[in-house]
Amino acid sequence: MSHSSRLNEPLSRPAGAGRFAPSPSGDLHVGNLRTAVLAWLFARATGRRFLLRVEDLDRVREGARERQLTDLTELGLDWDGDVVSQSHRLQRYEDAIAKLHAAGLTYECFCTRREIQKAASAPHSPQGAYPGTCRNLTPDEHADRLAGGRPPALRLRADVTSFTIDDVLHGSFSGMVDDLVLRRGDGTPAYNLAVVVDDAAQGIDQVVRGDDLLSSAPRQAYLAGLLGLTAPIYAHVALALNEDGKRLAKRDGAVTLTDLKALGRTPSDVLGVLATSLGLAAPGEVVDLGIVLDRFDPARLPCEPWVVRPPTPPQSP
Ligand code: GLU
């Protein structure tokens, strides 16, 4: 597929910001690092600022944030302004929820995970969609459920079942929208809400991330519209896979920068491997991010996933 016609528009837009938004649940592997490099390249190639946001509303592992930032710096990435942490921005999410609530667009949901899974796997239900069990509870039913003692989640009362976005790499993409969770039963704002609120509040108008999140983009863009916000330009990039064709994971071997440094690879070696995987360096060539940026042409980005063969540790005699 040629991306060039679609790319002209974002490349000529006035400068906003791109971003990388890791969850500090562990070390970044080379697939995550490659996505970070791509987000940086897309932003810098289009004159945008590049922001870092730590998505720490759940699954936080001690020290992961610091290690992630160090890894990104060692690869040569820079960012503008301070790193933002979602856990410091809870009021903004509550303000957005209040706005939706005032517009009659929320309801409380008492379903357990198991109930949702069971209902969502029914034949008439779109894949994984919340079936709306608690959408129209009568006041008595609501009171009964509340008396059950289980703190409710808050859901969006969506009035569409699908929404279409435009993606720089995937073109027009339609995806499912359901009554997504805005705030979990434990009080934590949901990812889909936080990401929409933050991207808009930070002036982010270009979202480059792994294509595992492509299916979430329609519901996020729809939610942005309900909040009176403009959805960003999306570019969902191919993920890194292991040799079995599964999504790369830490158990696949030496796949983090720390692992690779322990095997004698320098950050520059790793950047070279990432650039080679993007068609922006010859195998073994020494490059820095400036060189890679000069060569970067999103229209020529490989569309297929990157298959990673982690180096094996030297055999002991
Ligand atoms: N925090 C998410 C992750 O690490 C990324 C969210 C996003 O880029 O929208 O998978």
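Here the structure is a predicted model, which means the values were calculated and not measured. Read the numbers this way: they start at 1 and go in the same order the structure lists the ligands and their atoms.
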Exercise for the section: For residues F42 and F296, establish whether the separation of their ring centroids is below 6.0 Å. Expected result: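 Ring centres of F296 and F42 closer than 6.0 Å.
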Looking at [X] and [Y], does any basic side-chain N land under 4.0 Å from a carboxylate oxygen?
X    : Y    : answer
R209 : E55  : no
D56  : R65  : no
D58  : R184 : yes

Exercise for the section: Let me know which protein residues bring a heavy atom to under 4.0 Å of ligand 1; chain then number is fine for ordering. Expected result: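 Residues within 4.0 Å of ligand 1: R19, A21, P22, S23, E55, Y191, V195, R209, L213.
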Practice task
Please list all pairs passing the salt bridge (charged side-chain N to carboxylate O under 4.0 Å, His left out) test where one or both residues lie in residues 266-279, with sequence neighbours left out.
Solution key: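 For residues 266-279: none.
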Handout entry: More than 12 heavy atoms from other groups under 6.0 Å of NE2 on H142
Key =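 Check passes, neighbour count above 12.
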